[in-house]
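Only one structure is covered here, and it is reproduced in the block below.
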Amino acid sequence: MAKEIEVTLNDNKVTGAEGMTILDLARAKGIDIPTLCYVEDLLPTGACRLCVVEVEGSRTLVASCHTPIAPGMVIQTHSPRVIEARRQIVELMLASHPDTCLVCDKANICELRKIAADLDIGLPRFRTRKHYFAIEDVSPYLVRDMSKCVLCRRCIRGCNEIAKKNVLGMAYRGFDSKVVVDCDEAINTEACRDCDVCVSLCPVGALSKPRKVEEKRRGKVQVIKG
Amino acid sequence: MAENTTITQSKETKDLLILLAQTQKKCGFLSEETLANLARTLDMSLSDVYGVATFYSFLSTKPLGRHVIRVCKSLPCHYKDAAVIIESLEKTLGIKTGETTPDGRFSLELTNCIGACDKAPAILINDDVHGDLTVDRIPQILQAYK
Amino acid sequence: MPEKRIVLRNCGVIDPRDMSSYLAHDGFKGLEKALSLTPEQVIEEVKTSGLRGRGGAGFPAGMKWELTRKSPGDEKYLICNADEGEVGTFKDRYILQNDPFSLVEAIAIAGYAIGAKKGFIYLRAEYHYLRPMLANAIDQARAKGFLSHMDIEIRMGAGAYVCGEESALMESIEGKRGEVRYRPPFPPTKGLFGKPTVINNVETLMNIPAIMLNGARWFNQIGTERSKGTKVFSVAGDVPRPGVYEMVLGSKLRELVQDLAGATDIKAIQIGGATGRLIPESMLDTPLAFENLLGAGAITVFNSHRDIIDIVYRTMEFLAEESCGKCVPCRQGTEVMVETLERFMHGEGEERDVKVLQELSSTMMLTSLCGLGQAAPNPVIDSLQYFKDAYESRIKARGEVKV
Ligand SMILES: Cc1cc2nc3c(=O)[nH]c(=O)nc-3n(C[C@H](O)[C@H](O)[C@H](O)COP(=O)(O)O)c2cc1C
Ligand code: SF4
Ligand code: FES
Ligand code: FES
C-alpha cells in the first residue's frame with residue numbers, strides 16, 4: 001500500500017496516496033481542473049499550463065497534472081489568480097488560432113472552444129502572427145490542418161505510447177514549433193494506417209478524418225419567409 | 001502519475017546531437033538523405049531526428065557555404081553599429097542575410113550574442129571571432145577564408 | 001568596497017596552456033586538501049562558505065551538492081554549465097580563456113564530494129574556439145593523475161540559448177531537442193540520464209579551489225550577510241572600458257559602471273541580460289548582491305541616445321526567438337509582446353496595450369514552465385515602471401487622421 005499523504009485542498013483537509021498528482025487528487029475529490037495537454041492514458045508533458053493551481057509557498061503557480069502531492073501542501077484550485085491565469089492561457093492559444101470555427105469539423109466537440117466557453121473568454125485581447133500551413137489531405141486516413149494545432153503533443157504521445165508507431169515528431173523551435181512527419185512532409189507514410197489514435201486524441205480541428213466522397217454534404221437551401 | 005515519468009519526458013536519442021554536429025561539419029549541412037541514414041543507424045524515427053536537427057540554430061537542413069559568417073545582432077553589438085557591418089557584408093558578398101554566395105564560398109547569417117560584447121561589433125566566421133570590427137577591415141578578414 | 005580577485009586570481013598570471021605554471025600558483029592544492037577530507041567534510045566546507053550559484057538563480061552550492069550526495073544510486077553526474085548565452089555576458093569565456101585549470105580542479109573536487117565518476121562541461125557552440133585549450137587542460141590534469149577518480153568530457157551546444165537552462169541542458173547532453181523538463185523531480189534526484197546530478201555555473205565552480213585552500217571561514221568573511229564572496233561582471237554597451245571585473249558582493253553598481261568601466265552618460269542599465277532587470281540611472285547606488293540586484297553578471301549600459309522601446313523590443317525579440325516553444329505562456333506570450341512592442345516602435349501603441357502588457361506579464365511569470373518564460377516579462381515590467389513616458393509618447397492619438 002502506498003503511503004497516505006495529508007494535504008489541504010481548497011480549505012479542506014484531505015488525504016491521497018503517495019505518488020498521486022494534485023490533479024489526480026482533485027479529480028478524486030470531485031474538483032474539476034481544466035486540462036488540455038494532459039490525457040489520462042499518456043505520460044504528462046506540462047506544455048499547456050492550463051491546469052495550474054496555487055500552492056502555498058511557491059513563487060509561481062504549479063501545474064497540477066505533473067506535480068505530485070507532498071505532505072502539508074496547501075492547494076487552491078480556483079483562486080482568482082488561478083482563474084485569471086487560465087483565462088489568459090486560453091486567450092494566448094486563441095491568439096494564433098484561425099477563426100474558422102464556423103466551418104470546422106470538430107466545432108461541436110472542440111476542447112479549446114469548450115474550455116474557452118467554460119472560462120467565459122471574451123473578445124480577443126492578444127494578437128500574434130497566425131500560422132498558415134497548407135492542409136494535408138493526401139492520406140486516405142487522416143487530414144491535417146496544422147494551422148489549428150495548439151501544440152499539446154497528444155498526437156505525438158499517442159502515436160508513440162499507444163499506437164507505438166513513432167510517426168510524428170516535434171520540429172523547429174519557439175513559435176515556429178510544429179508537429180511533423182519525417183522531414184516535414186505532408187502526412188502519407190506507410191507507417192501511418194487507419195489506427196485513428198491521433199485523430200481521436202486531437203483536442204481541436206488540426207487532425208480529422210477525411211470525408212468520404214459519397215458523403216459530400218450539400219448545403220440546404222434556406223427559404224426566408226417574408 | 002508523476003513517479004517514473006521523468007526519464008520518459010522525451011525519448012531516448014543516444015548521441016544524436018553529436019552525430020548531427022559531426023555530419024554537418026563533414027557534409028556542410030544535413031540533407032534529408034543523411035538524416036534518414038542517421039535515423040536508420042540509431043533506430044529512431046526520421047521525425048525525431050529532423051526535430052533535433054531543426055531545434056538548434058547552428059545545425060542546418062539547407063546547404064550552406066564553405067564558410068558561415070554569423071553577425072551578432074544583439075543589443076551591445078546593435079548599438080555599436082552592427083547594422084553597418086551587415087550592410088557592408090551584404091554589399092561585399094552580393095547577397096542578403098540568410099543567403100549563400102553563388103560560388104558556395106560564404107553564407108551570411110544573423111545570430112544572437114556570441115559572448116564577445118567587449119569587442120562589439122563582433123562576428124563569427126566558422127569558429128573564429130572577429131571583434132572590434134570596422135567596415136574597412138572586412139575585405140582583409142574575408143580574404144583568409146578561401 | 002573594492003575590486004577583489006578570487007575567481008580571476010590566476011587570469012593574466014598563469015599560462016593557460018601550461019600546467020606547470022598553474023602548479024606554481026597553488027594549482028591542485030585545493031584538490032589535494034579536499035582528498036584529505038571525506039566527501040561529507042568537503043560539502044560541509046562549501047556549505048559553511050555560503051557560496052551561492054553564480055548562474056543566475058543563486059541557489060546555495062553546498063546544499064545542492066549535499067542533496068545529490070545523499071540521493072541513492074552509484075551513478076551520479078556533475079555538469080559544468082558553460083553555455084553562457086545571456087545577452088551581454090562574456091565572463092565565463094574570459095575565465096575559460098585565462099584559467100581553464102582551475103575549472104578542471106574545481107570539477108575534480110565537486111566530483112569527489114558528490115560521488116560523480118563522470119563530469120561534463122557543456123560549452124556553447126559559439127565558444128567552439130575555446131575547446132582545444134579546455135581539452136588540453138583536462139588532458140594534462142589526467143596525465144598528472146589528478147582525475148583518477150573521475151573523467152571529464154566536453155559536450156558542445158549547437159546554438160540555443162535555452163540550453164543554458166539546466167533541464168534543457170541535460171536534454172541536450174542526452175542528444176535531444178533542448179526542451180525544458182517539468183520539475184519536480186529536480187536534478188539532485190533525477191537529472192542527467194535520470195541519475196542524481198549537480199549542475200553548476202563555471203564561475204560558481206571557480207570559487208571552489210580557493211575555498212578549499214583558504215577555508216570556508218575566510219570566504220564567509222567576504223561580502224554581505226546573504227551574499228558571500230565576489231562576483232564577476234561583464235560590462236558592455238556605452239562604456240569606454242568594457243570588460244570583465246570582479247567585485248566583492250555588495251559593492252555599489254556605481255563603482256562598477258562609473259569608476260571601473262568609466263560610464264559617464266547613463267540612461268538605463270540592463271542587469272542580468274535579456275531576462276534581467278532594466279533600471280534607470282537613479283538606482284546606481286543599489287548594492288550588487290543576491291538580495292538586491294544581480295543575475296548572471298551581464299551589465300549593459302545604455303546612454304541617453306538609446307530608445308527604451310527599442311531596447312525592450314529587441315530584448316523581447318531575442319526571447320521569442322530563443323523560447324523552446326514547449327509551453328504556451330512563453331511561446332505565445334513572447335510573440336504577443338513582440339507584436340505589441342512593434343506597434344509602439346511605430347508610434348501605434350494603444351492606451352489599453354499597456355494594461356494588456358502588464359496583465360500578460362503576470363501570467364507569464366506565474367505559469368511558464370521555466371525561468372525563460374518566467375523572467376521574459378522583466379524588461380517590459382521594468383520599462384513600464386521606470387520609463388513609462390517612453391510608452392506614453394508612442395501611443396497613437398485616437399481619431400487622428402493622417403493626411
Ligand atoms: C533561460 C535560461 C538560461 C540560462 N542560461 C544559463 C547559462 O548560460 N549559464 C549558467 O550557468 N546558467 C544558466 N541558467 C541557470 C541554470 O538553469 C542553472 O540555474 C545554473 O546553471 C545552476 O548553476 P549555479 O547554481 O552554479 O548558478 C539559465 C537559466 C535559464 C532559465
Ligand atoms: S518558459 Fe519558454 S523556454 Fe521555458 S519551457 Fe516554456 S516555452 Fe520553453
Ligand atoms: S494539462 Fe497540465 S500542463 Fe497541460
Ligand atoms: S552582443 Fe554581440 S557579442 Fe554580445
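Per chain, numbering begins at 1; letters A, B, ... match sequence-line order.
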Nearest-0.5 Å distance that lies between atom [atom1] in [X] and atom [atom2] in [Y]:
X        : Y        : atom1 : atom2 : result
C/Gln374 : A/Thr60  : CD    : OG1   : 5.0 Å
A/Arg125 : C/Arg352 : CZ    : CZ    : 10.0 Å
A/Arg49  : C/Thr367 : CZ    : OG1   : 7.0 Å
A/Ile89  : C/Ser368 : CD1   : OG    : 8.5 Å

Okay, side chain of C/Arg177, backbone of A/Met170: is any donor-acceptor separation there less than 3.5 Å?
yes
Looking only at heavy atoms, which two atoms of A/Gly46 and C/Tyr182 are closest? And how far apart?
N-CD2, 4.4 Å
Testing the basics here: between A/Cys48 and C/Pro329, what is the closest heavy-atom pair and its distance to 0.1 Å?
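The pair with the smallest heavy-atom distance is O-CD, 4.3 Å.
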Got a sec: does the [atom1] of [X] have more than 12 other heavy atoms crowding it under 6.0 Å?
X        : atom1 : result
A/Lys29  : NZ    : yes
A/Lys130 : NZ    : yes
C/Glu351 : CD    : no

Hey, mind stepping through C/Leu366 and A/Val52 against side chain to side chain contact (heavy atoms under 4.5 Å, CB included) and telling me if it holds?
CA-CA 9 Å; C/Leu366 286 173; A/Val52 286; over 6 Å; no
Passes side-chain hydrogen bond (donor to acceptor under 3.5 Å, both in side chains), A/Ser96 versus C/Gln332? Steps please.
CA-CA 8 Å; A/Ser96 59; C/Gln332 307 283 97; 2.8 Å; yes
Counting only non-hydrogen atoms closer than 4.5 Å, does A/Arg86 touch chain C with its backbone (N, CA, C, O), its side chain (CB onward), both, or neither?
neither
Most contact-rich option vs chain C, by heavy-atom pairs under 4.5 angstrom, among A/Leu36, A/Thr128, A/Val62, A/Leu61, is A/Leu61
Carboxylate-amine/guanidinium proximity below 4.0 Å for A/Arg129 and C/Glu342:
no
Who among C/Met337, C/Arg343, C/Glu335 has the most heavy-atom pairs with chain A under 4.5 Å?
C/Glu335
Heavy-atom contact with chain A under 4.5 Å, split by part of C/Glu179:
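Contact with chain A: side chain only.
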Side chains of C/Lys326 and A/Arg153, heavy atoms from C-beta outward: is any pair under 4.5 Å?
yes
Those residues that, when tested against C/Ser383, pass side chain to side chain donor-acceptor pair (under 3.5 Å) (two or more places apart):
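Expected list: C/Tyr391.
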Name, in order of residue number, those residues of residues 173-188 of chain A that have a heavy atom at a distance of less than 4.5 Å from a heavy atom in chain C; otherwise write 'none'.
A/Arg173, A/Gly174, A/Phe175, A/Ser177
Begin from the C-alpha positions of A/Leu92 and C/Leu360 and carry the test side chain to side chain contact (heavy atoms under 4.5 Å, CB included) through to its verdict.
CA-CA 9 Å; A/Leu92 284 171; C/Leu360 179 56; 3.9 Å; yes
